[in-house]
Structures are given as structure tokens and as C-alpha cells.
Protein chains: 2
Amino acid sequence: MGYNLDMVDQRFSVSIHIMTALAFHKGELMTSEQLAGSIRTNPTVIRRLLAKLVEAGLLESFKGKSGGVKLAKSPKEISLKDIYAAVCCDKKLIATPDKEASKQCVVSCNMGKLLDDVVNGIENNSMNYMSNICLSELTARIK
Amino acid sequence: MGYNLDMVDQRFSVSIHIMTALAFHKGELMTSEQLAGSIRTNPTVIRRLLAKLVEAGLLESFKGKSGGVKLAKSPKEISLKDIYAAVCCDKKLIATPDKEASKQCVVSCNMGKLLDDVVNGIENNSMNYMSNICLSELTARIK
DNA sequence: TTATATTGTACCTATATCTGTTACATTAAC
DNA sequence: GTTAATGTAACAGATATAGGTACAATATAA
């Protein structure tokens, strides 16, 4: 059975693929089946992500026969940050432990806030970088 | 049993804690037992990370009685990038699928390289940011 | 009106990976 | 020699994602 041996979180990558495919097809409707074919995965995996992208206002979906999804905005108005926020909003790029501090240890007592600041700094830096890359830049690279 | 309900990768966060504690103790030797106390985890978890930090040249370790680890450099010469590279070098911040492209689909055929470029851009951006935060800045925040 | 095709979920299994833990060989100080 | 430390190996427990089946709801199309 062709299991993927790398079981880490690929939702962001797959979502970029989805959005790029939709942008490449110039706002036309595509089905989860078509997208799953391009990405070589199961349509349900795609639909799980589509639901989040719809919820975030990046896509519009249409049920029923000849339904599907399409971009809700122009590719110039959608950034990688938008996609990341839509799909991975529940998860930090870098995790911090949530254990209680060891009261006798000054370092331990300060570490919670220190790590939060560090991680937030890294995340904000990444989000800022991603907000400057838009979908149209990605489709421009497809030859 | 006090299991941590958040089973995501905390190696970077824990390593920052380790390095900050060692810097705070001004280059003195500390044992994995002491560090584990501050971090509230098992000494083996700490030693696994120490091994990587030693291998990367950030720490020196001493076996045997009254052994332990200490910083191999000044806190000003150690950045978050160094720590990240030492401990998480085997893992991308953002994962990409490694499936074969769907040959009939132009988007699919271009997506491998496109995603690599995107992810490398994000990683390089993060590494650059992290290279500008050094250990001495972290210890300065401990009150 | 009926058949069809699609989204949107719910649910389950397999897998990978990390954490926590025990155990022990190796090593160096005392 | 005893002791206390690192460095690993091995294993169980927990979690999250991917992949997959099934089906209700829905809207087009015939």
C-alpha cells in the first residue's frame, strides 16, 4: 500500500498546491476530485482543507451537480499568509511546553514568557514575509 | 500520570531553555539532572538534546563523576539559529509532500520545485531572523 | 421529477514521531 | 574501588495527520 512514509503536517503545502491550481485555472470551478488527482491524494483530504479555505473567505464552494470550488478573490489579493492562517491557524510554527515552572529556579520561572516572546517574534517575522508573496507570483512560475 | 497533552515537537523550545540556563550560570558545569529539574522533564530527554548541542560545538561535555556540560562559546557568539540548526537540522519547518507529480497536470509537474522554493524562502527568512538573536539577549531578560 | 454529481462531515485505521522511562555500558573523579 | 556522570538503546504511551469509506444534504441536468 502506497503509504507516505513522512507523516508530518503537509496541510500548508497541499493548500498552496490547491490554491495555485485554482489560480492557474483562472477562477474556474474545480472539483475535489480533480484537485486530488493533481495532488495525488484522496478527495476527502482535499475537502477537509477546502472547508477551511472557504471559511477564511479565500474560496467559494458550490454544492450539487456541476459544483466545485473557485477563488473568491484575485490571485494578487491572496498571500501565503492568508493561506497559512486559514489552514494552520490552530497550530504554532514552533511549540512551547506548557508545564508549570520550577519555583526554585529563576530561569524556569522566566522561561514561559521568554519562549512566548521568542516564538511570537519568529512567527511574526514569517507571517510578514509570507504576506509579501501572493498567488499570482506562484502561478507566474508555472511553465 | 502527568502526561503532556501536547505531543508536538518541543525540542527547539527545550534546547533554548537548556542553553539559557547554561548561559545564566555563566559557563559553569551543569548536569542533565539539574537541567531536567528546571525544565521538569526526564534527564534522558535532556541528554538526547545535549548530545546534538555538543556535536554542533555549542557545548562541551565531561563524563564521569562531577561531570556535566557547559557552554563552549560566549553567549554572545551563540544565536538561536545555531541552536535550531543543532537540534532540528533533520527537519524542515514546513513539510512538503514527496509524491510523484501527476504527469498530465502542468501544475502538479511544477509544484515540487515551486514548493521547495517557497519553503526554502520561508526557512531562510527565519534563519536570518534567528541568527540575529543571541543567547546573551535571552539571559538579559531574566530577572 | 428523477437521476446524478458534488460538497461537507463523521468515523475509523495505519503510520510516524515525540516524550517519558528504565536500563546499562562507559568513563572519570574522588 | 566507589560513585556519579554522560551516552545510548530499547520500549510504551500519546497525539496528530493521512488515507479511506460512507452518507446526508444539495443543486444541476436530463
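Numbers restart at 1 for each chain; the letters A, B, ... are given by sequence-line order, proteins then strands. Treat the numbers as computed from the prediction; the structure is a model and nothing was measured.
The side-chain contact (heavy atoms from CB on, under 4.5 Å) test with L59(A) singles out one residue from M19(A), K73(A), K70(A), and that residue is M19(A). If you run side-chain contact (heavy atoms from CB on, under 4.5 Å) between V87(B) and each of L53(B), D9(B), V14(B), I16(B), only L53(B) comes through.
Listed nucleotides: dT22(C), dT28(D), dG20(D). Nearest to the side chain of T44(A): dG20(D). Distances from the side chain of K99(B) to the nucleotides dT7(C), dG20(C), dG19(D) place dG19(D) closest. Here the side chain of D9(B) is nearest to one of dG20(C), dC18(C), dA18(D), namely dC18(C).
A close approach under 4.0 Å does not occur between any side-chain nitrogen or oxygen of K70(A) and OP1 or OP2 of dT6(C). Side-chain nitrogen and oxygen atoms of T41(A) include at least one within less than 4.0 Å of the OP1 or OP2 phosphate oxygen of dG19(D).
Atoms CG (N42(A)) and P (dT21(D)) sit 7 Å apart, rounded to a whole Å. Atom CZ of R47(A) is separated from atom P of dC11(C) by 16 Å (rounded to the nearest Å). Straight-line distance from the CZ atom of R11(A) to the C1' atom of dG19(D): 15 Å, rounded to whole Å. Residue K52(B) contributes atom NZ, which lies 18 Å from atom P of dT6(D) at whole-angstrom precision. Rounded to an integer number of Å, the gap from L50(A) CG to dT9(C) P is 11 Å. Counting to the nearest Å, the C1' atom of dG19(D) and the CD1 atom of I39(A) are 14 Å from each other. At whole-Å resolution of the value, CD1 in I46(B) and P in dT8(D) are 16 Å apart. When the P atom of dT8(D) is taken as reference, atom CG of L49(B) falls 13 Å away, rounded to whole Å.
Residue-to-nucleotide contacts include no donor-acceptor pair under 3.5 Å from the side chain of S61(A) to the base of dT6(C). Put simply, the side chain of R48(A) and the base of dG20(D) share a donor and an acceptor less than 3.5 Å apart. Residue-to-nucleotide contacts include no donor-acceptor pair under 3.5 Å from the side chain of R40(B) to the base of dG20(C). Scanning atom types as modelled, no donor and acceptor separated by under 3.5 angstrom connect the side chain of S32(A) and the base of dT6(C).
Note on G64(A): a base of the nucleic acid sits closer than 4.0 angstrom, heavy atoms only.
Along DNA chain C, the nucleotide nearest K65(A) and the nucleotide nearest A51(A) are compared for position; the residue whose nucleotide lies closer to the 5' end is K65(A). With the nearest nucleotide of DNA chain D identified for both V14(A) and K63(A), V14(A) has the one nearer the 5' end.
Here the shortest heavy-atom pairing between S126(B) and L93(B) reads OG-CD2, 3.8 Å. The heavy-atom pair separating N128(A) from N132(A) by the smallest distance is O-ND2, 3.2 Å.
Salt-bridge annotation for R141(B) and D117(A): present, with a side-chain N of the basic residue lying under 4.0 Å from a carboxylate O of the acidic one.
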